Amino acid sequence: MRTKPLGAYGWLLFTMVLWGSAFPSSKYATEHVPHEVAALFRFGGGAIVLLLITFFRRPQQTPPFKAVLGACVAGIVGVFGYNALFFWGVTMAPASDGGVIFPALTPVITSLVLILGGRESARPVRIAGLVVGVGGAALFFVATTADGAGGSDRLMGDTIFFVGAAVWSVYTLLNRKLVVGMDPVQAVTYSTVAGSLALGVMAVPQFGDVQWGELSGGFWLNAVHLAIGPTAVAYLLYVRGIRDVGASTASVMMFAVPLFSTLFSFAFLGESFTWAQAGTALLMLGGAFLAVISGHRAAQPAPRAEGDGEPGPAREEGDAAALPAPAPAGAAPPARDAVVPEAGTR
């Protein structure tokens with residue numbers, strides 16, 4: 001057995017840990033500064049890190065202007081649109097709610113759009129997964145309302161998370177058309193920079209509400225973690241994992257994100273789920289898992305490289321020419337048709 005893919009699985013699992021930590025870390029940030037400022041700290045910092053990485057990598061090919069423009073448009077939708085909603089929602093609802101809703105509903109919404117648009121087949125197993133996922137989402141909202149914890153604010157926050165998942169699905173679908181012929185790290189860097197500039201426009205008016213002198217060292221450490229870990233490093237590790245094990249296999253591992261998000265939210269924020277919420281969350285995740293798995297064709301061995309004694313990692317539908325959209329403030333599994341870069345996770 002080759003050790004390279006085994007190592008890739010370990011790095012991918014660490015990536016899921018980083019993305020899972022983004023949900024409670026973002027919640028913590030919004031408890032100290034306005035959510036607009038918290039979003040800027042994460043992605044503005046992440047943009048700086050990615051710019052430095054891109055500079056030292058010195059890509060051999062200058063991307064075409066059309067691809068750069070497409071990456072910037074994608075960044076406005078994904079980095080700005082999604083995160084403006086996410087950081088707003090997390091001020092009202094527990095981080096653990098977002099850690100379940102985003103990874104579960106994004107692939108469900110994306111798959112529904114692709115099937116309704118005739119771009120993917122409606123296999124019975126996949127339809128069943130979508131029905132279970134949507135039904136689980138509805139029951140999750142019912143369970144949250146019945147529980148009463150957090151009141152109407154929590155329900156509003158969860159609704160914003162739902163809209164954010166839909167926005168991320170749009171971003172995922174846009175990427176394939178907008179970003180063509182671009183190095184994936186370059187693409188995510190342009191997207192992050194463009195989205196961060198838009199977040200900056202939204203955040204600057206809120207700077208006057210920040211008690212800068214009262215921000216603790218713990219807050220700044222958390223801000224550095226958000227910018228470097230879940231935003232920059234996690235994406236690069238995910239790219240490495242896709243290279244070694246394939247996009248479809250890597251995307252399935254994203255279903256570990258809700259587990260880590262819930263564990264971190266419990267450990268650091270004292271959040272918890274009721275049994276009803278846990279059960280409906282499992283329904284959402286189970287439906288999303290079926291939708292993703294049934295949307296992939298069986299992996300085929302990659303052709304051997306000249307002079308290489310072993311086949312490359314399995315190539316799966318969706319691997320060609322580009323990479324899946326990066327995950328949001330935690331991570332949402334991309335549908336198989338979704339390609340090219342998260343900065344945002346997601």
Side-chain angles (χ1 to χ4, degrees), residues 19-20 22-39 80-110 112-113 130-171 202 206 255 257-288 327-333 344-346:
W19 277 334
F23 290 95
S25 292
S26 299
K27 175 79 172 180
Y28 176 82
T30 61
E31 291 174 349
H32 294 79
V33 297
H35 68 271
E36 301 92 341
V37 177
F80 170 70
Y82 162 81
N83 285 287
L85 290 166
F86 168 73
F87 278 87
W88 181 25
V90 84
T91 63
M92 292 179 276
S96 52
D97 285 10
V100 170
I101 291 173
F102 283 121
L105 284 186
T106 298
V108 170
I109 295 170
T110 306
L112 277 173
V113 172
L130 294 175
V131 170
V132 171
V134 173
L139 290 174
F140 184 86
F141 281 93
V142 171
T144 299
T145 303
D147 176 56
S152 59
D153 282 350
R154 182 174 185 176
L155 185 60
M156 175 60 73
D158 285 350
T159 302
I160 293 170
F161 287 153
F162 178 88
V163 176
V167 170
W168 192 262
S169 295
V170 172
Y171 169 54
M202 184 177 68
Q206 306 301 322
F255 288 102
V257 170
L259 170 63
F260 293 118
S261 172
T262 301
L263 288 175
F264 289 137
S265 297
F266 172 78
F268 297 108
L269 300 178
E271 297 179 358
S272 62
F273 268 4
T274 65
W275 285 108
Q277 288 168 327
T280 55
L282 287 175
L283 279 178
M284 274 197 291
L285 290 169
T345 242
R346 270 270 139 81

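Note that the coordinates shown come from a computational prediction; the quantities given were computed from them, not determined experimentally.
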Between Gly136 and Leu283 the two heavy atoms that sit nearest each other are CA-CB, 3.9 Å

Interatomic distance, CG@Leu85 vs OG1@Thr159, rounded to 0.5 Å, equals 11.5 Å

ask   = Do the non-hydrogen side-chain atoms of Leu112 and Val134 ever get within less than 4.5 Å of each other?
value = yes

Ignoring hydrogens and angles, write down the donor-acceptor pairs under 3.5 Å from the side chains of residues 94-105, residues two or more places apart or on other chains.
| residue | atom | partner | partner atom | Å |
| --- | --- | --- | --- | --- |
| Ser96 | OG | Glu271 | OE1 | 3.0 |
| Asp97 | OD1 | Arg154 | NH2 | 2.9 |
| Asp97 | OD2 | Arg154 | NE | 2.8 |
| Asp97 | OD2 | Arg154 | NH2 | 3.3 |

Salt bridge (Lys or Arg N to Asp or Glu O under 4.0 Å) pairs touching residues 259-270, sequence neighbours excluded, are none

Would you call Leu285 and Pro258 a side-chain contact if the rule is heavy atoms closer than 4.5 Å? yes

On a heavy-atom basis, the closest approach of Ala29 and Ala38 is CB-CB, 3.9 Å

The side chain to side chain donor-acceptor pair (under 3.5 Å) partners of Thr262 (sequence neighbours excluded) come to none

Close side-chain approach of Phe161 to Val90, heavy-atom, < 4.5 Å: yes

Per ring-ring contact (aromatic ring centres under 6.0 Å, His included), Phe86 is matched among Phe23, Phe80, Phe162 by Phe23

All heavy atoms of Gly164 vs all of Tyr82, minimum pair found to be O-CD1, 3.5 Å

Heavy-atom nearest pair, Ala39 first then Phe87, reads CB-CD1, 3.6 Å

All heavy atoms of Thr30 vs all of Thr91, minimum pair found to be CB-CG2, 3.8 Å

Between Met92 and Asp153, the two heavy atoms sitting closest are CB-O, 3.2 Å

